[in-house]
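Computed from a predicted structure; not experimentally measured. Just so you know, ligand 1 is whichever comes first in the structure, and atom 1 is the first atom listed for that ligand.
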Amino acid sequence: MNELFNGRLAILGMGYIGLPTAVALATRGVEVIGVDVNPQTVAAVSRGEVPFAEPDLAIAVSGAVAMGRLTATTETPEADAYIIAVPTPFNGDRTADLSYVQKAAEQIAPRLRSGNIVVLESTSPPGTTEKVKRWIAALRPDLKMPDDGEPGADLCFAHCPERVLPGRIMIEMVTNARVVGGLTPRCAERAASIYRVFAQGEILLTDAASAEMAKLVENAYRDVNIAFANELSLIAEALHIDVWEVIRLANRHPRVSILNPGPGVGGHCIPVDPWFIVAAAPGLSPLIRTAREINDRRPHHVAEQVVKKAERFRNPTVACLGLTFKANVDDIRESPAIEVVDHIAGALPDVEILIADPFVHDVPPQLSAHPNLRLENAYQAVDRADIVVLLVEHEPFKAIRHTRLGGKVVYDTRGAWR
Ligand code: SAJ
């Protein structure tokens, strides 16, 4: 009980979760091999560099590589434990695309030996850890799979969902409570030995399907609560009431904590994960589905408001501040801000649109087809604009003085300039 893993560990997927997890283990003495299909990612990690921005990650990666504890390769090596941290996007019908998970399982299968642990970290629908076991079992009939009540299994399988918040990954990786769901209790216990190496938060042992579902539920909970705020914003707009003031007042109630309305919900997790629940129980999830739809409609609604404001001018210039999916990160995946800009630029082809974001240095490919759109420094964009739209509350934007915005139409979708 409470053993600590001290073998060799391979992590498949050197992305937003795999790489910080690799570093957390490597800097505490575990020999970690990072595996990725992308040779550029492997080359970057091998040089001790990080292919994306996340506070404090770069220094930790270069330290772990310099210590010789973290290496990277495109080939799946032999190891004592494997963590799968590859993407699980959704298909056109919004069911989970498990092809990356399946490929990872198939890559691991030929390397497995008796005593190995396989952990799935990728966010997955209930039953996926069981599927990983079956994919591996089909390729390795020589190894005994873990089945409840049957002793003597050669392998352990568990789901341990990541729960870190982009922008705070290095802190939350260590401090968050960790759910470890095993296909059997022994699987959970053995997988927990890996996370005990670095986790200071509580480690909660459970079964694999509960762990899979808990992760989806966490993000659906947030999505539903953001949808509530976004719906309030629509209602307040129609009733000419200031939604931010209403929320500020309501939140002084001891049991009320309303989130912030905004231009939509982005990132790789919250707009995706609730659909996995809807797909698993379609007739039973109207609230979760509706919340998704409310949040998905937000960018279009925000863009329409801007278009209406622009109609009041003869030849306006519009500044859109912020392109990333949320504040103070450089990640533009599933960014509602980009969707808003795309709508505005398309709806107002003769209007000059200036876009600015301290974390984005080129016009994102999704926007490159608009000839009326230009990337600018935020101050210049604001100074030249008739209409200023705040889409992401990056710290440098919050610092823009109110006097600079004087005489302009200001649409603050984040309530940051109140
Ligand atoms: N947002 C709002 N209003 C709010 C809060 C957020 O509009 O009040 C928007 C953000 O601007 C952004 C989106 O929602 O576009 C999501 O941002 P976020 O900060 O809520 O979450 P993520 O996607 O960065 O990370 C989430 C986290 N999940 C929860 O908080 C329940 C994180 O802990 C998970 O590990 C992560 O998803 C994941 O990987 O699943």
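- Polar contact check, Glu172 against ligand 1: no nitrogen or oxygen pair lies under 3.5 Å apart.
- In this comparison of Lys326, Glu162, Arg168, the heavy atom closest to atom 19 (O) of ligand 1 sits on Lys326.
- Atom CE of residue Met67 and atom OG of residue Ser62 lie 11.0 Å apart, to the nearest 0.5 angstrom.
- Looking only at distances, no side-chain donor or acceptor of Glu202 sits under 3.5 Å from a matching main-chain atom of Arg178.
- Other residues, nucleotides and ligands contribute over 12 non-hydrogen atoms within 6.0 Å of the CZ atom of Arg418.
- Shortest contact from atom 14 (O) of ligand 1 to any protein heavy atom: Ile226 CD1, 3.5 Å.
- The protein non-hydrogen atom at the shortest distance from atom 23 (O) of ligand 1 is Phe325 CE1, 3.7 Å.
- Distances from atom 9 (C) of ligand 1 to the heavy atoms of Gly264, Pro263, Gly262, Gly267 put Gly264 nearest.
- Considering backbone and side-chain N/O atoms, Gly266 comes within less than 3.5 Å of an N/O atom of ligand 1.
- The protein heavy-atom contact nearest to atom 8 (O) of ligand 1 is Asn260 N, 2.9 Å.
- Between the CG atom in Asp207 and the CD atom in Glu130 there is a gap of 11.0 Å [rounded to 0.5 Å].
- Given atom 33 (O) of ligand 1, the protein heavy atom at minimum distance is Arg163 O, 2.7 Å.
- Shortest contact from atom 20 (O) of ligand 1 to any protein heavy atom: Arg222 NE, 2.5 Å.
- Ranking the protein heavy atoms by distance from atom 11 (O) of ligand 1 puts Arg414 NH1, 2.8 Å first.
- Using a cutoff of 4.0 Å between basic side-chain nitrogens and carboxylate oxygens, Glu189 and Arg196 are scored as salt-bridged.
- In this structure, OG1 in Thr76 is found 12.5 Å from CD1 in Ile11, a value given to the nearest 0.5 Å.
- Between Trp135 atom CH2 and Lys103 atom NZ the span is 11.0 Å, to the nearest 0.5 Å.
- Among all protein heavy atoms, the one lying closest to atom 34 (C) of ligand 1 is Val164 O, 3.4 Å.
- Each of the atoms 34 (C), 35 (O), 38 (C), 39 (O), 40 (O) of ligand 1 lies under 4.0 Å from some heavy atom of Lys215.
- Ligand 1 lies nowhere less than 4.0 angstrom from a heavy atom belonging to Thr123.
- Few gaps surround CZ on Phe52; more than 12 heavy atoms of other groups in view lie less than 6.0 Å from it.
- When heavy-atom distances to ligand 1 are checked against a 4.0 Å cut-off, Met173 has no atom that comes that close, whether in backbone or side chain.
- Within the model, atoms CH2 of Trp417 and CZ of Phe397 stand 8.0 Å from one another, a figure rounded to the nearest 0.5 Å.
- Atoms of ligand 1 found under 4.0 Å from any heavy atom of Glu218 (numbered from 1 in listed order, with element): 31 (C).
- Salt-bridge check for Glu352 with Arg374: passed, with a basic side-chain N closer than 4.0 Å to an acidic carboxylate O.
- If you check which protein heavy atom lies closest to atom 27 (C) of ligand 1, you get Leu165 CD1, 3.7 Å.
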